[in-house]
Amino acid sequence: MFRFFRRRSPAAADRTDPRPPSGEQSVDSPAALARLKLFAGDFTVSGPFVEPGSDEYDLWQAGKLVPWYISNLLDRGGHSGPNVDIACNAQEPAVDMWELGTWYPRWDQTVALARLLDVPVRDLTHPEARPHHHPNRPRRRRRDLAILSFEPCAVHAATASSTAQCPDPYHQ
């Protein structure tokens, strides 16, 4: 029998530690530390959800979503459990896998996630984010780990046939 990851409530997962997570990779190198500081410093909520346009679509299609931002916003909003997957037009354990960077949400799921979190799609992205393979990617979310990228194959799988879903008909 398969066991599915379930997003646990902050209390159940003991997520009360206010410190920001450490880096996806070891932060012993100056470059890794600088990258983590860049992503952490740029993480803001610019306002409430607004319907995305072609700029946000381009960011999504380029693999610019950041798993750590998704996790952080889910935690801040107290969103947990299978209702998160349902609200995002996904089946368990999709959202858990998004947080790990092993699955990439489809465009409609990304918009649904932003709507649930009440943030613009742009706030789930970072211009420096890029799909990147990590051979030691964790199998479960860890509070002390900031996952900054999605697996390239996951981005490709979600975006390969996405042009029909573009919000701007002139964008195709």
Side-chain angles (χ1 to χ4, degrees), residues 3-24 35-53 55-131 137-151 154-155 158-159 162 165 167:
R3 297 187 76 193
F4 292 101
F5 301 117
R6 288 200 186 260
R7 197 169 185 359
R8 296 193 173 136
S9 68
D14 190 25
R15 295 184 182 144
T16 58
D17 187 355
R19 294 176 296 161
S22 63
E24 175 176 90
R35 182 171 167 80
L36 176 63
K37 285 181 179 181
L38 174 69
F39 277 70
D42 289 347
F43 179 61
T44 61
V45 174
S46 63
F49 175 80
V50 293
E51 288 298 326
D55 290 344
E56 288 82 7
Y57 179 83
D58 290 342
L59 290 168
W60 166 81
Q61 192 167 42
K64 302 291 186 182
L65 294 179
V66 179
W68 184 43
Y69 292 178
I70 294 170
S71 295
N72 195 305
L73 289 166
L74 286 167
D75 288 348
R76 284 184 185 184
H79 302 288
S80 62
N83 290 337
V84 175
D85 295 88
I86 292 166
C88 294
N89 304 322
Q91 293 181 355
E92 279 199 321
V95 175
D96 296 304
M97 305 320 273
W98 300 346
E99 290 183 273
L100 294 172
T102 56
W103 294 1
Y104 196 71
R106 296 183 321 255
W107 175 244
D108 67 301
Q109 293 171 328
T110 302
V111 174
L113 175 63
R115 186 175 285 117
L116 172 71
L117 298 171
D118 194 28
V119 299
V121 169
R122 180 176 302 281
D123 290 353
L124 302 175
T125 68
H126 192 279
E128 298 295 319
R130 67 191 187 297
R137 193 173 291 272
R139 300 180 105 189
R140 292 185 186 255
R141 180 173 172 227
R142 291 184 10 214
R143 177 82 172 134
D144 65 340
L145 192 66
I147 299 175
L148 304 177
S149 64
F150 281 87
E151 288 290 327
V155 174
T159 62
S162 63
Q165 300 173 5

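Computed over heavy atoms, backbone and side chain alike; hydrogens, waters and symmetry mates excluded.
- Using a cutoff of 4.0 Å between basic side-chain nitrogens and carboxylate oxygens, Asp75 and Arg141 are scored as salt-bridged.
- At a threshold of 4.5 Å between non-hydrogen side-chain atoms, the residues Pro120 and Pro52 do not count as touching.
- Nearest heavy-atom pair across Glu128 and His126 is N-ND1, 2.9 Å.
- Ring centers of Trp107 and Trp60: under 6.0 Å apart, within the cut-off.
- Using a cutoff of 4.0 Å between basic side-chain nitrogens and carboxylate oxygens, Arg137 and Glu151 are scored as salt-bridged.
- Contact annotation: the side chain of Arg76 approaches that of Val45 to within less than 4.5 Å [non-hydrogen atoms, C-beta and beyond].
- Nearest heavy atoms, Ala62 versus Pro131: O-CD, 3.8 Å.
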(request) Decide yes or no on side chain to side chain contact (heavy atoms under 4.5 Å, CB included) for Asp123 and Tyr69, but give the supporting numbers first. (result) CA-CA 8 Å; Asp123 290 353; Tyr69 292 178; over 6 Å; no
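- At a threshold of 4.5 Å between non-hydrogen side-chain atoms, the residues Trp98 and Leu113 count as touching.
- Within the 4.5 Å cutoff, the side chain of Pro138 has heavy atoms near those of the Leu145 side chain.
- Using a 4.0 Å cut-off between charged nitrogen and carboxylate oxygen, Glu99 and Arg142 do not count as a salt-bridge pair.
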(request) For Leu124 and Val119, run side chain to side chain contact (heavy atoms under 4.5 Å, CB included): C-alpha distance rounded to whole Å, both residues' side-chain angles, the deciding distance at 0.1 Å, then the answer. (result) CA-CA 8 Å; Leu124 302 175; Val119 299; 4.2 Å; yes
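- With respect to Thr125, the side chain to side chain contact (heavy atoms under 4.5 Å, CB included) criterion is satisfied by exactly one of Asp42, Asp58, Leu65: Leu65.
- The shortest non-hydrogen separation linking Phe39 to Val66 is CE2-CG2, 3.8 Å.
- The closest side-chain heavy-atom distance from Leu116 to Cys88 is below 4.5 Å.
- Considering only heavy atoms from C-beta on, Ile147 comes within 4.5 Å of Leu100 through its side chain.
- The shortest distance between side-chain heavy atoms of Asp108 and Val111 does not fall below 4.5 Å.
- For the atom pair Asp85 CG and Asp96 CG, the distance stands at 6.5 Å (nearest 0.5 Å).
- Taken to the nearest 0.5 Å, the OG1 atom of Thr159 stands 5.5 Å off from the CD atom of Gln61.
- For Gln109 against Asn89, the heavy-atom pair with the smallest separation is NE2-O, 3.1 Å.
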(request) Could you give me the CA-CA distance, side-chain angles and deciding distance for Glu51 and Arg115, then say whether side chain to side chain contact (heavy atoms under 4.5 Å, CB included) is met? (result) CA-CA 9 Å; Glu51 288 298 326; Arg115 186 175 285 117; 2.7 Å; yes
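- Here the closest heavy-atom approach between residue Phe43 and residue Leu73 is recorded as CZ-CG, 3.7 Å.
- Annotation: side chain of Pro67 is not in contact with side chain of Trp103 (no heavy-atom distance under 4.5 Å).
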